[in-house]
Amino acid sequence: MILDQFNLSGKVAIVTGANTGLGQGMCVGLAEAGAKVVGVARRSCEETKALIDEFHGEFTEVIADLSSTDVIPVIVEETLKAYGRIDILVNNAGIIKREDAINYTMEDWDAVYKVNQKEVFFLCQAVAKEFIKQGEGGKIINVASMLSYQGGIRVPAYTASKSAILGLTRALANEWAAHNIQVNAIAPGYMATNNTTQLRGDEKRSEEILDRIPAGRWGTPADMQGTVVFLASHASDYVNGFTIAVDGGWLAR
Ligand code: NAP
């Protein structure tokens, strides 16, 4: 039956940036669908764990700073130690640094690229190796952005990194489809999280953005849940290499 295809019971999901925002929302959604969730973050995920404990879901955390690729084998090992397998990877952690392009520093560029690009690729690679070893396929879901499609203002490294996520998602989908691995992405619109605190604090920019969103509101972490569960589940087995916008209609304008 169709709803059974969305059921994630017995699946193990790794979600990066699990302590807050969209990552927290996706952890809760995946756990509600039955997955055992490993949340990766550089600080405690106790709030996420408490939300999942409310419905007796499964959650464990791995503390890791995703600006270094040294943590990748640890994330894989800790997941296998906790739950014995990996079925789903959600690359959600990301940072944004705002500055006029003319003044943008190499330090900021490298900081954004380490988390938003290098870490994402090498974590995909490490988890895909496990998927291939397990021999049952797997699901990778990257988090893109409206700035995978548009230029943005004062965020050149972020725009470049998120545009690259869209391309990387296609590239990996092509190479790993033969192993029954689907690689897709979600492009959130303008969502009320720490990532947009500065933007929402700027009255003029905030009003301009809100006026342009057909849904008439900022998105929330809960808005990500349906799409991430779909992309993590058998319901999306023939969806591969695609980036789905969850944007209240922003791109349709
Ligand atoms: P957020 O609340 O700032 O969450 C970002 C997450 O990434 C946090 O858990 C953060 O941990 C984690 N993170 C950043 N650097 C890290 C590092 N070095 N090591 C470990 N974890 C690290 O913002 P969000 O909106 O939920 O962002 C989630 C994803 O959605 C990001 O990829 C973002 O670019 C993307 N996105 C957001 C929007 C939006 O409007 N909010 C729109 C499009 C795309 P800390 O809490 O410790 O910083």
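Positions are given from 1, in the same order as the sequence printed here. Computed from a prediction, not measured in an experiment: that's the story for all the values here. First listed ligand is number 1; within each ligand, the first listed atom is number 1.
Looking only at distances, no side-chain donor or acceptor of D211 sits under 3.5 Å from a matching main-chain atom of E208. No donor-acceptor pair closer than 3.5 Å links the side chain of D108 to the backbone N or O of K97. Between the side chain of N92 and the backbone N or O of G17 there is at least one donor-acceptor pair closer than 3.5 Å.
Per-residue contacts place Y158 under 4.0 angstrom from the following atoms of ligand 1 (heavy atoms of the residue considered): 33 (C), 34 (O), 35 (C), 36 (N), 43 (C), 44 (C). Near Y190, meaning under 4.0 Å from any of its heavy atoms, are these atoms of ligand 1: 40 (O). Near I95, the atoms of ligand 1 lying under 4.0 angstrom from a non-hydrogen atom of the residue are 14 (C), 15 (N). Each of the following atoms of ligand 1 lies closer than 4.0 Å to a heavy atom of T196: 39 (C), 40 (O), 41 (N). Short contacts between ligand 1 and A64, defined as distances under 4.0 Å to a heavy atom of the residue, involve ligand atoms 19 (N), 20 (C).
Closest protein heavy atom to atom 31 (C) of ligand 1: N92 O, 3.1 Å. Closest to atom 11 (O) of ligand 1, if we only count protein heavy atoms, is N19 OD1, 3.6 Å. Taking atom 26 (O) of ligand 1 as the reference point, the nearest protein heavy-atom neighbour is L22 N, 2.8 Å. Nearest protein neighbour of atom 21 (N) of ligand 1, counting heavy atoms only, is L66 CD1, 3.9 Å. For atom 13 (N) of ligand 1, the closest non-hydrogen atom on the protein side is A93 CB, 3.9 Å. When only non-hydrogen protein atoms are considered, atom 48 (O) of ligand 1 lies nearest to R42 NH2, 2.7 Å. Nearest non-hydrogen protein atom to atom 24 (P) of ligand 1 is T193 OG1, 3.4 Å. Annotation: atom 5 (C) of ligand 1 to nearest protein heavy atom, G94 O, 3.7 Å.
A salt bridge between R253 and D247 is absent, with no side-chain N of the basic residue lying under 4.0 Å from a carboxylate O of the acidic one. The pair R154-D100 meets the salt-bridge criterion, since a charged nitrogen lies less than 4.0 angstrom from a carboxylate oxygen. The existence of a salt bridge linking D237 and K139 is confirmed by a sub-4.0 Å separation between a basic side-chain nitrogen and an acidic carboxylate oxygen. The existence of a salt bridge linking K133 and E130 is confirmed by a sub-4.0 Å separation between a basic side-chain nitrogen and an acidic carboxylate oxygen.
Residue V143 holds the heavy atom nearest to atom 30 (O) of ligand 1 of all those in V90, I209, V143, V155. The closest non-hydrogen atom to atom 42 (C) of ligand 1, taken over G189, P221, S161, comes from G189.
Ligand 1 has no N or O atom lying under 3.5 Å from any N or O atom of G23, backbone or side chain.
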Derivation and outcome, side-chain hydrogen bond (donor to acceptor under 3.5 Å, both in side chains), residues Q150 and W250: CA-CA 11 Å; Q150 301 176 320; W250 174 276; 2.8 Å; yes
Candidate pair E58 and Y83, rule side-chain hydrogen bond (donor to acceptor under 3.5 Å, both in side chains), full reasoning: CA-CA 10 Å; E58 285 269 4; Y83 296 130; 3.3 Å; yes
Derivation and outcome, side chain to side chain contact (heavy atoms under 4.5 Å, CB included), residues K49 and E61: CA-CA 8 Å; K49 182 167 172 20; E61 69 179 21; over 6 Å; no
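Only the side chain of R43 comes within 4.0 Å of ligand 1, counting heavy atoms alone; its backbone N, CA, C and O stay farther away. The proximity of A187 to ligand 1, defined as any non-hydrogen pair under 4.0 Å, does not occur for either the backbone or the side chain. Heavy atoms of K162 found under 4.0 angstrom from ligand 1 belong exclusively to the side chain.
Other residues, nucleotides and ligands place more than 12 heavy atoms under 6.0 Å from the NE2 atom of H179. Other residues, nucleotides and ligands contribute over 12 non-hydrogen atoms within 6.0 Å of the CD atom of E99.
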